[in-house]
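Chain A is the first sequence line, chain B the second, and so forth, proteins listed ahead of strands; every chain is numbered from 1. Computed over heavy atoms, backbone and side chain alike; hydrogens, waters and symmetry mates excluded.
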Amino acid sequence: MLLIRCPYCEEERPELEFRNAGEAHVARSANMVGESDDDFEKFFFIRSNPKGIIYERWRHMHGCARFFNAVRDTVTDKFVMTYRAGEPKPSKLPKNSNEGLAK
Amino acid sequence: MSGALRIPGAGRLSQAKTARFSFDGQSYAGIEGDTLASALLANGVHLVGRSFKYHRPRGILSAGAEEPNALVQIVRDDARKTPNVRATVQELYDGLAANSQNRWPSLSFDVGAVNDLASPLFSAGFYYKTFMWPKAAWKSLYEPKIREAAGLGVSPDRPDPDHYSSRYAHCDVLVLGGGAAGIAAALAAAETGVRVILADEQAEFGGSLRFESGAKIDGKDGFAWAQAAIARLGAMDNVRVLPRTTAFGYYAQNFVGLVERVSDHLKAPGHDLPRERLWQVRAKRVVLASGAIERHMVFANNDRPGVMLAAAARTFLNHYGVAVGKNVGIYTANDSAYGAAIDLKKAGVNVAAIVDLRDNPTGPVIDEARALGIEINSGRAVIRAGGKLRVSSMTVQPKNGGGERTIPVDAILMSAGWTPSVHLFSQSRGKVAFNDETKRFVPGTYAQDCVSVGACNGTDGLAATVDEAYAAGARAAKDAGAKAAKGVKPKVDASESWSRGMLGAAPGAGPDTTVKAFVDFQNDVTAKDIRQAVHEGMRSIEHVKRFTTNGMATDQGKTSNMHGLAIAAETLGKPIPEVGLTTFRAPYTPVTFGAIVSHARGPLFDPTRRTAIHPWAEAQGAVFEDVGQWKRAWYFPQAGEDMHAAVDRECVGVRNQAGLFDASTLGKIEVVGPDAAKFMELLYTNPWEKLEPGRCRYGIMLREDGFIYDDGVVGRLAPDRFHVTTTTGGAPRVMNHMEDYLQTEFPHLNVWLTSITEQWAVIAVQGPKSRDIIAPLVEGIDMSDEALPHMSVREGKICGVPTRLFRMSFTGERGFEVNVPADYGQAVWEVLWAEGQKHGATAYGTEAMHVLRAEKGYIIVGQDTDGTVTPNDAGLDWAVGKKKADFVGIRGMARPDLVAKGRKQLVGLKTKDPKVVLEEGAQIVEDPKQAIPMKMIGHVTSSYWSQNCGRSIALALVAGGRDRMGDTLYVPMPDGVIEVEVAGMVFFDETGGRLNG
């Protein structure tokens with residue numbers, strides 16, 4: 001069971017309190033009707049599924065109930081960092097966070 | 001007397017404490033502190049089971065958790081018949097009853113042993129080759145027969161009467177393994193004051209100190225030192241000592257699963273004790289001190305009862321005071337077996353000979369053995385064991401061939417060397433590394449905050465082990481935040497020498513193909529099988545493993561993996577690391593379902609939700625159905641009625657007079673705030689801005705892909721307040737869906753969402769008399785059709801309590817849904833019911849509700865839709881706001897495939913024979929005479945007998961359905977083809993006049 005830091009509650013809580021909500025930073029278009037089929041396909045169906053660092057959404061379902069974003073290494077399952085929904089995708093990750101990065 | 005082979009003065013058990021037990025019905029005496037294995041051996045019983053595949057007689061191989069052979073069934077009572085218990089870990093209690101497994105009619109005469117003679121049929125991979133034809137026979141014949149024949153124990157057929165418990169624990173340093181290494185590490189960590197948990201799978205701590213007679217620490221005998229250290233640790237407030245506790249799984253972020261066997265060793269466990277306790281431990285640092293496991297020698301008939309690991313024989317002698325034979329032979333490729341020879345000789349057991357595969361072994365133990373007068377045959381191999389139900393001899397030959405000599409023995413004690421137990425390290429995702437010099441896999445790259453110490457780390461020698469472990473324990477404590485330690489490192493005064501050993505098949509293991517030299521005892525895998533797998537093309541050890549099943553039994557190959565790997569590598573002509581090691585997986589030893597499930601079973605498996613009106617329905621004799629976690633009244637049978645009759649009566653009653661229905665389980669969400677209408681516009685297909693307060697609308701919610709996700713009637717209570725209803729099962733996911741969009745896509749909207757499902761009880765009053773029933777009880781609401789038309793909502797009072805009164809209908813009749821605070825639910829229901837009795841009202845359940853709505857063609861999301869149905873498919877285009885610029889699903893709905901012609905559309909079906917009721921889920925075809933497989937053009941989603949229509953009715957998804965009105969289609973069923981006519985979805989009151997009448 002993973003420990004996940006909720007950026008709203010500001011503490012690590014067990015995985016049981018959380019629910020994964022898919023990949024993060026997939027923005028819904030402000031002009032949905034005008035989206036091309038290809039763009040809609042990318043928005044709705046295509047996900048990165050990386051081996052290594054993934055940016056994903058979680059919800060602190062049985063806590064504050066807030067959605068937030070997390071950076072996780074899919075190789076080690078380690079959470080590199082978490083941050084609040086709406087904050088930009090971090091351009092730099094904390095040091096030592098890429099130990100498990102797949103080559 | 002507790003067994004003829006108990007040696008007075010040997011071992012650590014008190015002879016005074018006798019415990020009687022039985023094995024296969026025969027009564028024996030043992031001593032408290034025995035394991036079942038040691039007690040059987042004390043009575044000279046070696047034959048304890050039959051092997052998995054060949055039904056060969058098997059004895060006790062080991063003295064610990066690695067035991068592959070001695071699996072027995074422990075029977076406490078009718079419900080407590082635990083199969084596959086390793087006799088080497090089952091502690092003896094007075095009255096213990098055990099049975100052998102996998103034999104018929106008896107252990108010494110087993111008919112299944114014919115498999116041994118027929119073994120050429122059962123060689124490696126035989127499952128994959130032999131039972132391929134005919135295909136259908138696998139399920140019906142081969143698999144059941146194989147499972148019956150290749151049995152382990154028998155599962156109990158009654159519910160488990162024991163209870164299990166579960167605890168979470170946090171600590172700074174978790175030490176796994178309570179031998180010299182684990183104890184030293186725990187001492188070092190504990191002395192700093194940090195929180196320490198020390199666990200060991202045995203009843204007593206000490207690990208290999210149980211048998212190492214030559215160990216001395218801090219001036220004490222090794223085992224006595226261990227007991228003193230454990231007593232000291234146990235007395236410390238910051239330490240938890242867990243005996244009989246196996247770490248079975250090492251998970252992410254230093255989360256370790258332990259199972260503590262609390263009462264399996266007790267004669268009469270009290271009901272206050274759980275049988276087992278699951279510990280889920282989160283540790284800042286983990287010290288792995290899991291030791292090493294001795295390997296057997298691979299030679300012909302090395303599975304005969306009486307052939308066992310040397311250290312096991314030594315444990316039985318030095319700890320339990322039991323001689324495993326009277327005239328033993330030793331077969332070894334390393335020094336450690338000499339300890340067994342020396343200890344047994346000193347205890348008065350005749351040691352017939354030591355056979356050492358090494359050419360000229362030297363060292364203190366060899367000298368000591370020689371000095372005791374034991375014959376040492378170096379450079380020689382045991383090429384086969386004699387005897388059947390018990391070993392009777394060993395045949396010795398120079399390892400490069402030559403004259404044979406057969407030596408009579410009643411036990412062979414063997415040691416090929418020691419395999420570091422890297423299971424937990426490997427489970428932690430650490431990578432093992434092969435040490436070419438010592439020929440063993442040891443921890444290499446760590447993935448988690450843990451450290452391996454002692455034998456599991458490939459560290460040889462007691463002094464080096466204690467040094468390493470003590471330093472590691474102190475370091476782990478420091479890393480977990482401890483200040484400097486104040487303790488004193490234990491001093492090792494004397495220890496025994498350890499050395500390398502060998503891997504793979506010894507000379508007695510072939511190449512003769514009829515020889516059975518076992519690598520994996522539990523799965524009956526021989527050296528020949530491994531070679532054959534390679535010859536048949538298996539290259540990776542993962543393939544060899546699956547083809548031969550080597551290491552795949554419940555012992556997980558603790559004794560067999562390295563031998564199997566070495567034989568495969570030799571046959572392939574490759575170095576061992578290139579062939580690779582199979583992955584270690586949890587659990588380390590089998591874990592009961594009980595421990596994992598703990599209290600979460602029966603009524604505690606899942607919460608049961610009951611409405612406020614549930615007790616009334618129960619008192620009326622309602623039959624309930626499960627809808628998600630809810631118990632819902634299904635129908636209300638009266639005397640002599642079956643379900644069919646009850647539902648018919650309820651359906652007719654609602655349409656002729658009135659019906660009361662408990663709709664409390666309906667999901668309800670309040671959407672409140674200045675931007676509530678804007679939010680509703682985005683989440684539902686319908687327009688909401690212009691809906692006047694006091695009016696309702698049927699809303700459809702889509703997913704972004706354009707498919708129907710949920711539906712329900714929404715009432716606007718005020719400009720900034722919507723009372724949203726959802727499907728019963730959909731409430732939590734709809735709430736999650738709304739929260740997701742509100743928090744992440746539309747956070748600029750000023751809206752609050754509140755689940756009010758459980759706050760409001762909902763009583764649906766439906767039927768022509770519904771207003772007459774409600775009106776006298778309502779205050780502050782004008783009940784006239786003009787003031788309260790269909791699809792409107794008012795707040796006021798009913799029976800003196802607050803209500804949100806909806807005029808709406810899921811039956812097609814004039815109808816109301818009376819929302820009252822849940823605490824008043826039953827009281828208001830009872831008043832409405834009493835009032836209803838004056839008008840002939842009936843209570844109806846979910847089945848009648850389903851029939852009534854189907855008569856009107858009202859869909860149920862999740863029954864008539866399946867996540868691939870658009871509003872258009874469902875005939876609900878009218879509910880999609882055509883002028884809206886955006887809503888969730890607007891773009892998905894416009895995808896080419898979703899607007900293509902020929903999509904499945906929801907239509908009505910009428911069977912040509914009105915008495916025939918279709919089966920829900922039945923497939924529909926155009927031409928019933930076409931060849932199989934037929935082209936299926938749709939399926940039945942809802943189907944009922946409608947007493948109101950006097951015929952059966954059905955809804956179905958049919959390709960191009962709305963263009964097929966009046967067409968005849970066919971539903972092929974096993975007992976004949978049913979003819980149907982495509983019809984509209986409304987079967988009753990097509991003009992909808994009754995909604996207002």
Side-chain angles (χ1 to χ4, degrees), chain A residues 1-5 7-8 12-16 18-45 56-62 64-69 72-80 83-87 96 99-100, chain B residues 168 170 249-257 280-284 428-431 445-449 682 702-707 732-733 735-748 752-755 882-899:
Chain A
M1 185 161 50
L2 304 172
L3 280 179
I4 303 173
R5 182 181 172 82
Y8 294 96
E12 286 195 322
R13 307 291 306 167
E15 188 185 346
L16 291 177
F18 296 85
R19 195 138 330 143
N20 184 284
E23 191 164 352
H25 302 294
V26 180
R28 187 179 188 274
S29 168
N31 177 23
M32 278 305 282
V33 178
E35 291 281 284
S36 70
D37 282 341
D38 285 350
D39 286 345
F40 182 80
E41 182 195 22
K42 275 184 204 130
F43 159 72
F44 190 76
F45 293 106
E56 60 189 2
R57 300 171 348 115
W58 286 78
R59 188 181 183 198
H60 195 185
M61 191 74 194
H62 304 291
C64 65
R66 302 295 297 267
F67 284 85
F68 61 90
N69 293 326
R72 183 172 60 93
D73 188 326
T74 59
V75 176
T76 62
D77 246 359
K78 271 186 189 154
F79 279 79
V80 177
Y83 51 101
R84 296 181 175 200
E87 289 178 12
N96 302 326
E99 285 169 343
Chain B
Y168 290 95
H170 293 259
Y250 196 133
Y251 305 96
Q253 287 172 299
N254 271 0
F255 189 72
V256 181
Q280 296 176 77
V281 181
R282 178 86 62 181
K284 286 187 186 154
S428 81
R429 295 187 176 187
K431 294 264 176 288
T445 312
Y446 283 82
Q448 298 208 36
D449 291 329
L682 284 165
L702 307 183
R703 292 185 315 213
E704 206 69 82
D705 57 9
F707 294 126
R733 61 182 161 80
M735 184 75 182
N736 187 65
H737 178 81
M738 284 183 168
E739 278 287 354
D740 192 348
Y741 277 96
L742 181 59
Q743 290 185 31
T744 66
E745 294 294 348
F746 314 131
H748 56 283
W752 290 268
L753 303 171
T754 310
S755 165
K882 304 292 179 297
K883 293 179 190 154
K884 291 173 69 170
D886 195 9
F887 57 81
V888 173
I890 193 168
R891 180 63 186 83
M893 227 169 60
R895 288 183 290 149
D897 281 356
L898 272 66
V899 295

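Within the 4.5 angstrom heavy-atom criterion, only backbone atoms of A/A65 (N, CA, C, O) approach chain B. Neither the backbone nor the side chain of A/R19 comes within contact range of chain B, judged by heavy atoms closer than 4.5 Å. If you measure heavy-atom distances from A/F68 to chain B, you find no contacts under 4.5 Å at all. Residue B/E739 touches chain A through both its backbone and its side chain, counting heavy-atom pairs closer than 4.5 Å. Contacts of B/F887 with chain A are made by backbone atoms alone, with heavy-atom separations under 4.5 Å and no side-chain atom involved. Of the two parts of A/F44, only the side chain, counted from C-beta on, holds a non-hydrogen atom closer than 4.5 Å to a non-hydrogen atom of chain B. Interface remark: B/N254 contributes no atoms to any contact with chain A (heavy atom separation under 4.5 Å). The contact between B/A252 and chain A is made by backbone and side chain atoms together, counting heavy-atom distances below 4.5 Å.
Residues B/R703 and B/D705 are paired through a salt bridge, judged by an N-O separation under 4.0 Å between the basic side chain and the carboxylate.
Every salt bridge (charged side-chain N to carboxylate O under 4.0 Å, His left out) that A/R28 has, sequence neighbours left out, goes to B/E704, B/D886. In terms of the salt bridge (charged side-chain N to carboxylate O under 4.0 Å, His left out) criterion, residue partners of B/R891 (sequence neighbours excluded) are, by chain and number, A/D37.
For the set B/Q280, B/R895, B/R282, the count of heavy-atom pairs under 4.5 angstrom toward chain A peaks at B/R282.
Between the CZ atom of A/R72 and the CG atom of A/L2 there is a distance of 7.0 Å, given to the nearest 0.5 Å.
What you find for A/Y8 and A/A85 is that their closest heavy atoms are OH-N, 3.2 Å.
Residues A/E87 and A/N69 form no side-chain contact, since every pair of their non-hydrogen atoms from C-beta on lies 4.5 Å or further apart.
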